[in-house]
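Read the structure below first, then the notes.
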Amino acid sequence: MKNTKRKLVFFAPYDYDGMTSHFEQMALDGWLIQSVNGNLWKYKKIEPQKLKFAVTHFEYFTVNEAAPDNGQNEFVEICAEAGWQLTAHNKTLMVFVTDS
């Protein structure tokens, strides 16, 4: 059985409700979003479960570890303290997940 799945998806950049609904349905089907790269998203196999997702844009988010933080680490830490884990990101798009 495959442990990863790639899916071509089309959402408007700020269709947070559509994306979160999509991620929640995929989790119920046993797939957790792992990366968002343009319209090609990658999922990893999980036990089917009900998860909640939050999608946001962080204007100064960077994947370059050598670049200035610009507050992103603090933002991710605050989310983690509230029970939200960063599960995927690309450029300014950040996807968080929680099981509570």
Side-chain angles (χ1 to χ4, degrees):
M1 173 175 268
K2 288 177 64 172
N3 289 324
T4 61
K5 174 189 279 198
R6 293 188 196 307
K7 191 168 184 161
L8 191 60
V9 295
F10 298 94
F11 285 98
Y14 293 96
D15 183 4
Y16 301 132
D17 291 338
M19 285 186 253
T20 56
S21 293
H22 171 77
F23 295 139
E24 289 169 2
Q25 184 58 54
M26 291 296 289
L28 286 172
D29 293 340
W31 297 99
L32 178 66
I33 187 67
Q34 190 173 19
S35 69
V36 286
N37 188 8
N39 291 343
L40 187 61
W41 294 356
K42 183 178 176 184
Y43 303 82
K44 69 179 178 180
K45 188 72 174 154
I46 61 170
E47 289 295 319
Q49 56 191 294
K50 184 174 175 126
L51 298 173
K52 292 181 186 174
F53 290 85
V55 178
T56 188
H57 279 84
F58 191 90
E59 182 178 355
Y60 302 111
F61 187 80
T62 178
V63 295
N64 181 353
E65 293 179 12
D69 174 316
N70 295 323
Q72 73 188 27
N73 289 335
E74 182 179 3
F75 180 71
V76 171
E77 287 175 14
I78 290 169
C79 291
E81 289 172 9
W84 292 90
Q85 297 301 313
L86 181 64
T87 187
H89 60 80
N90 184 29
K91 298 182 181 170
T92 63
L93 181 71
M94 301 172 78
V95 182
F96 291 89
V97 63
T98 187
D99 60 359
S100 55

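Along the sequence shown, the residues carry numbers beginning at 1.
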Checklist entry - Under a single-linkage rule joining Ile, Leu, Val, Met, Phe, Trp and Tyr whose side-chain heavy atoms are separated by less than 4.5 Å, which residues share a cluster with Phe10? => result Leu8
Checklist entry - Can you name the nearest heavy-atom pair linking Trp84 to Lys52, along with the distance? => result CZ3-O, 3.5 Å
Taking only distance into account, with no hydrogens and no angle test, what donor-acceptor pairs under 3.5 Å do side-chain atoms of residues 13-21 form with protein atoms, sequence neighbours excluded?
{"from": "Asp15", "atom 1": "OD1", "to": "Gly18", "atom 2": "N", "distance (Å)": "2.8"}
{"from": "Tyr16", "atom 1": "OH", "to": "His57", "atom 2": "ND1", "distance (Å)": "2.8"}
{"from": "Thr20", "atom 1": "OG1", "to": "Tyr16", "atom 2": "O", "distance (Å)": "3.0"}
{"from": "Thr20", "atom 1": "OG1", "to": "Asp17", "atom 2": "O", "distance (Å)": "3.1"}
{"from": "Ser21", "atom 1": "OG", "to": "Asp17", "atom 2": "O", "distance (Å)": "3.0"}

Next on the checklist: If you apply the rule side-chain contact (heavy atoms from CB on, under 4.5 Å), what do you find for Thr87 with Phe23, and how did you get there?
Outcome noted: CA-CA 11 Å; Thr87 187; Phe23 295 139; over 6 Å; no
Checklist entry - Could you state the interatomic distance from CZ (Phe53) to CD (Glu24), rounded to the nearest 0.5 Å? => result 7.0 Å
For residues 25-42, run the donor-acceptor check on the side chains, cut-off 3.5 Å, and write out each pair with its distance to 0.1 Å, sequence neighbours left out.
{"from": "Gln25", "atom 1": "NE2", "to": "Asp29", "atom 2": "OD1", "distance (Å)": "3.2"}
{"from": "Trp41", "atom 1": "NE1", "to": "Gly38", "atom 2": "O", "distance (Å)": "3.0"}

Anything under 3.5 Å between a donor and an acceptor, one on a side chain of residues 93-100, the other on a protein residue two or more places apart or in another chain? List them.
{"from": "Thr98", "atom 1": "OG1", "to": "Gly83", "atom 2": "O", "distance (Å)": "2.9"}
{"from": "Thr98", "atom 1": "OG1", "to": "Ser100", "atom 2": "N", "distance (Å)": "3.3"}
{"from": "Thr98", "atom 1": "OG1", "to": "Ser100", "atom 2": "OG", "distance (Å)": "3.0"}

